[in-house]
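Note: hydrogens, waters and symmetry copies are ignored here, and every other heavy atom, side chains too, is used.
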Amino acid sequence: AGAKDDTFNVLDLAEYTKNRPWWRKIFAPNSGSSAEKYNVATQLVIGGVTGWCTGFIFQKVGKLAATAVGGGFFLLQVANHTGYIKVDWNLVQRDMNKAKQQLKFHSSGNKMPPEVKSRVDEVIIFLKKNVILTGGFAGGFLLGMAS
């Protein structure tokens with residue numbers, strides 16, 4: 001009878017993964033638009049709850065960071081005025097001017113590196129595909145920041 005032909009197709013995974021968005025590599029092969037999987041109410045609830053949690057945590061961490069920075073600045077000022085430390089303000093001013101010049105130099109080009117541009121494009125595509133989930137997240141985030 002017929003001999004079975006043992007031929008195989010070779011799949012180059014390196015080339016296959018280059019053409020796939022990063023979120024599909026992380027989550028699953030079918031993790032495209034959430035509109036394909038969930039109805040509008042579910043997307044709004046998921047986006048709203050995750051946004052609220054993120055906003056609430058962001059608010060708490062922000063307050064903690066502001067307190068730490070403000071307290072550290074206050075302690076440095078007290079230590080400076082009591083003589084524990086001496087600040088060379090001329091050196092600080094010189095370093096600030098150098099930093100300003102570097103910022104002006106880097107911002108004058110207005111060109112994003114290609115890898116950053118590709119990531120931004122992927123995020124924009126993801127947001128467009130999941131506009132309801134994104135809207136729910138944004139609303140929940142603002143509510144979390146306000147609470």
Between V131 and L44, is there a shared hydrophobic cluster once you connect ILVMFWY residues whose side-chain heavy atoms come closer than 4.5 Å? yes

Count I, L, V, M, F, W, Y as connected when their side-chain heavy atoms are under 4.5 Å apart, and connections chain through other members. Are V78 and F73 then in the same cluster?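 Different hydrophobic clusters.
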
Is the shortest heavy-atom distance from the side chain of [X] to the side chain of [Y] under 4.5 Å?
X    : Y   : value
V49  : W52 : no
V92  : D88 : no
F141 : F58 : yes

For L76, does its backbone N or O pair with a side-chain atom of N80 as donor and acceptor, under 3.5 Å? no

Distance-only, no hydrogens or angles: does the Q59 side chain make a donor-acceptor pair with backbone N or O of S147 under 3.5 Å?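 Yes; at least one donor-acceptor contact below 3.5 Å.
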
To the closest 0.5 Å, what do you measure between [atom1] ([X]) and [atom2] ([Y])?
X    : Y    : atom1 : atom2 : result
I85  : L75  : CD1   : CG    : 10.0 Å
Q101 : M96  : CD    : CE    : 12.0 Å
I46  : F137 : CD1   : CZ    : 13.0 Å
L133 : N130 : CG    : CG    : 5.5 Å
Q43  : T134 : CD    : OG1   : 9.0 Å
L127 : K129 : CG    : NZ    : 12.0 Å

